[in-house]
Amino acid sequence: MLDLRFIRENTAAVRRAISDKQMPDALEKLDQLLLVDEEHRLLKRDLEEKQAERNANARLVGQLKREGADAGELMAAMAALSDEVKRLEDRERSLQTQLDALLLEVPNLPHASVPYGESEHDNVVAKEWGAKPTFAFEPRPHWELMTARGWVDFEVGVKVTGAGFPVFKGTGSRLVRAMRNYFLDRLAAAGYLEVVPPLMVNAASATATGQLPDKEGQMYEVTDGFFLIPTSEVPVTNVHRDEILAVEELPIKYTAFTPCFRREAGSHGKDVRGLNRVHQFDKVEMVQFCAPERSYEALEEMTRIAEGFLEELGLAYRRLLMCTGDLGFTQAKKYDLEVWSPGQARWLEVSSVSNMEAFQASRLRTRARPGGVTGKGKTEPVHTLNGSALAFPRTIAALVETYQDADGAVRVPEALREYLGVARLE
RNA sequence: GGAGAGGUGUCCGAGUGGUUUAAGGAGCACGCCUGGAAAGCGUGUGUGUGGGGAUACCUGCACCGAGGGUUCGAAUCCCUCCCUCUCCGCCA
């Protein structure tokens, strides 16, 4: 979240950012926040004054009693003050609760380099790589290719769970496993520490990374107050919640392979055909905690890593710089990578790399200082970033469509051969 | 799931209603000492938020797992929840 004092002192900039992000509801929250903040600050001064008086007198009572003197009169006089303190404390608590809730509703500011735009149509194509493949035959979409060979079974997924839960089988399943090892090996070599996080998180974690409040509808909520993770960003970023990191250890880089669960309510049509949009999918994620002055360097680095995978796999892609209107609530800057799907003649988003700056770190109460928790000096903010490298189903879709032969077999790009052990998926 | 014990600062650890502004120790930092170091001695050492002087200064308030309550006053008493440990049960 944004720092309350920052909001107070830069209200115009915050207002502007909210409207650039096309989040009108947040404007109302901001106005409420400023009102509550004003009342809260006034009340708190009054309260603290009375608390100080109460504390002093309570101490005096103790002293009188120790000396054997009669404290009855003072204690009686204290009752009224004490009631007043209690009343003010109740009010203060209520205002603090409101403040906390409202603060969670104010979105992050876009970075200065983010272009203005009202919607996804205004995103900027920052680069394109690779030639879209051409075919001597009509390329088929992945759902035809993969179901024909039994690599994925949508119908059995419907039976077992419901729509959007495809079942990978045989060669399809091995492809998933190969990609998992391929991505993780490369990321480990790039200095990312591999972790296997929980697939369910509590509300505190979901709040810290920004899924709550308001976006609970996008997650599956299970019993005991847990949520299935929509991305491993949530559990992995929360690893350092409530911690003071050592500046010397930054940047801290993690990678994780996990399934991701998304309700995707309201999606329909060609968007959800085949593997385009499913409720459960695998993804390898990168997460980074770094010094503020390095975070935009890190954003480029992480984006390059994700692009490197697509280049190694020989898949045509483009990088989009997201405009203000398509930035998420927590994000200051974001790149999306879209891979070309020849069988569908459209772009598919396979990666999203974002810099949250200090926004998540503030919700996480993660900060840094030389020497870490036992170190000296003031704590400093850290920046958090995350990015997919890559989302599996769409990458698989683009891969089989790109490398399909007329007979429906699929050539295996060089990078994956050592992991699959074959040059062609028959 | 049942029974019991327990959660105190970076760590260990005292503390069952009032000189605790959280004892003491360890660690860490700085200083003294030393040829240099160790030992020794001294000083300092949390987070958050507000006020004042506004670099390293002073000061209010809150925080002893979390949240409520009792009281003039709560780490200490009561309630709810979370977590850890031991034993039992169940179990991949």
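Throughout, protein chains are lettered first and strands after them, A, B, ... in sequence-line order, and every chain is numbered starting at 1.
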**Message:** So, does A:T374 get its side chain near the phosphate of B:G27, meaning an N or O under 4.0 Å from OP1 or OP2?
**Reply:** no
**Request:** Pick base, sugar-phosphate or nothing for A:R365, based on heavy-atom distances below 4.0 Å to the nucleic acid.
**Result:** nothing
**Request:** Look at the side chain of A:Q51 and decide which nucleotide, out of B:C72, B:G69, B:C61, has an atom nearest to it.
**Result:** B:C61
**Request:** From the options B:G18, B:G60, B:G73, select the nucleotide whose nearest atom is closest to the side chain of A:V61.
**Result:** B:G18
**Complementary nucleotide for B:G4 - Watson-Crick or wobble, under 3.5 Å** = B:C85
**Request:** With the side chain counted from C-beta on, respond yes when A:L385 and A:S295 share a heavy-atom pair under 4.5 Å apart, and no when they do not.
**Result:** yes
**Prompt:** Of all the choices, B:U21, B:G73, B:G60, which nucleotide is nearest to the side chain of A:R59 once you look at every atom?
**Reply:** B:U21
**Request:** Output yes when A:K378 and A:E380 qualify as a salt bridge under the 4.0 Å nitrogen-oxygen rule, no when they do not.
**Result:** no
**Prompt:** Taking the side chain of A:T379 as its heavy atoms from C-beta onward, which of B:C61, B:G48, B:U70 lies nearest to it?
**Reply:** B:G48
**Asked** Picking from B:A62, B:G48, B:G60, which would you name as closest to the side chain of A:R367?
**Response** B:G48
**Item:** Residue-phosphate contact under 4.0 Å: A:R41 side-chain N/O, B:C61 OP1/OP2
**Value:** no
**Request:** Round to the nearest Å and state the distance from A:R5 atom CZ to B:G51 atom C1'.
**Result:** 11 Å
**Item:** Assigned partner base of B:C91, Watson-Crick or wobble definition, under 3.5 Å
**Value:** none
**Request:** For B:G73, take OP1 and OP2 only and decide whether either is under 4.0 Å from a side-chain N or O of A:N55.
**Result:** no
**Asked** Between B:C61 atom P and A:R93 atom CZ, what is the distance in whole Å?
**Response** 18 Å
**Prompt:** Using the P atom in both, what is the distance from B:A38 to B:A29, to the nearest Å?
**Reply:** 10 Å
**Message:** Whether the A:Q96 and A:H40 side chains hold a donor-acceptor pair (N or O, under 3.5 Å, no angle test) is what I'd like checked.
**Reply:** yes
**Message:** Could you check, using the six-membered ring where one of them is a Trp, whether A:F183 and A:F257 have ring centers closer than 6.0 angstrom?
**Reply:** no
**Request:** Calculate the interatomic distance between A:D242 atom CG and B:C82 atom P; express it in whole Å.
**Result:** 19 Å
**Request:** Can you tell me, in whole Å, how much space there is between the C1' of B:C12 and that of B:U21?
**Result:** 23 Å
**Message:** Side chain of A:S82 only, heavy atoms from C-beta on: which candidate in B:C61, B:G69, B:G73 is closest?
**Reply:** B:G73
**Request:** Find the distance between CG (A:L175) and CZ (A:F392) and round it off to the nearest 0.5 Å.
**Result:** 9.0 Å
**Message:** Under the rule for side-chain contact (heavy atoms from CB on, under 4.5 Å), what residues qualify as partners of A:L35, not counting sequence neighbours?
**Reply:** none
**Request:** Look at all strands and tell whether A:M78 reaches a base, only sugar-phosphate, or nothing, counting heavy atoms closer than 4.0 Å.
**Result:** sugar-phosphate
**Message:** Measuring to OP1 and OP2 of B:C61, would you say a side-chain N or O of A:R54 lies under 4.0 angstrom away?
**Reply:** no
**Fill in**
When A:E53 and A:K44 are each assigned the nearest nucleotide of RNA chain B, the 5'-most assignment goes to A:K44
**Item:** Residue whose nearest RNA chain B nucleotide is more 5′ - A:K86 or A:E49
**Value:** A:E49
**Prompt:** Using atom C1' of each nucleotide, how far apart are B:C77 and B:G89 to the nearest Å?
**Reply:** 34 Å
**Request:** Give one of base, sugar-phosphate or nothing for A:V373, where a contact means two heavy atoms less than 4.0 Å apart.
**Result:** sugar-phosphate
**Asked** Have A:E357 and A:Y296 got a donor and an acceptor in their side chains that come within less than 3.5 Å?
**Response** yes
**Item:** For atom CG of A:L4 and atom P of B:U49, their distance in whole Å
**Value:** 10 Å
**Base partner of B:G40, which must satisfy Watson-Crick or wobble distances under 3.5 Å** = B:C32
**Prompt:** Over how many whole Å does the gap from A:R241 atom CZ to B:G65 atom P extend?
**Reply:** 18 Å
**Request:** Figure out the CE/P separation between A:M75 and B:G18, and round it to whole Å.
**Result:** 14 Å
**Prompt:** Which listed nucleotide (B:A62, B:C72, B:G50) is nearest to the side chain of A:A58?
**Reply:** B:C72
**Complement of B:G17, any strand, by Watson-Crick or G-U distances under 3.5 angstrom** = none
**Asked** NA contact type, A:K378, heavy-atom cut-off 4.0 Å: base, sugar-phosphate, or nothing?
**Response** nothing
**Prompt:** Does any non-hydrogen side-chain atom of A:V114 lie less than 4.5 Å from one of A:M322?
**Reply:** no
**Asked** Expressed in angstrom and rounded to an integer, what is the separation of A:E89 atom CD from B:C61 atom P?
**Response** 12 Å
**Item:** Counterpart base for B:C61, defined by Watson-Crick or G-U wobble contacts under 3.5 Å
**Value:** B:G48
**Request:** In whole angstrom, give me the gap between the P atoms of B:A14 and B:G24.
**Result:** 15 Å
**Asked** Whole-Å distance between B:G51 C1' and A:R45 CZ?
**Response** 6 Å
**C1' gap between B:C87 and B:A23, integer Å** = 35 Å
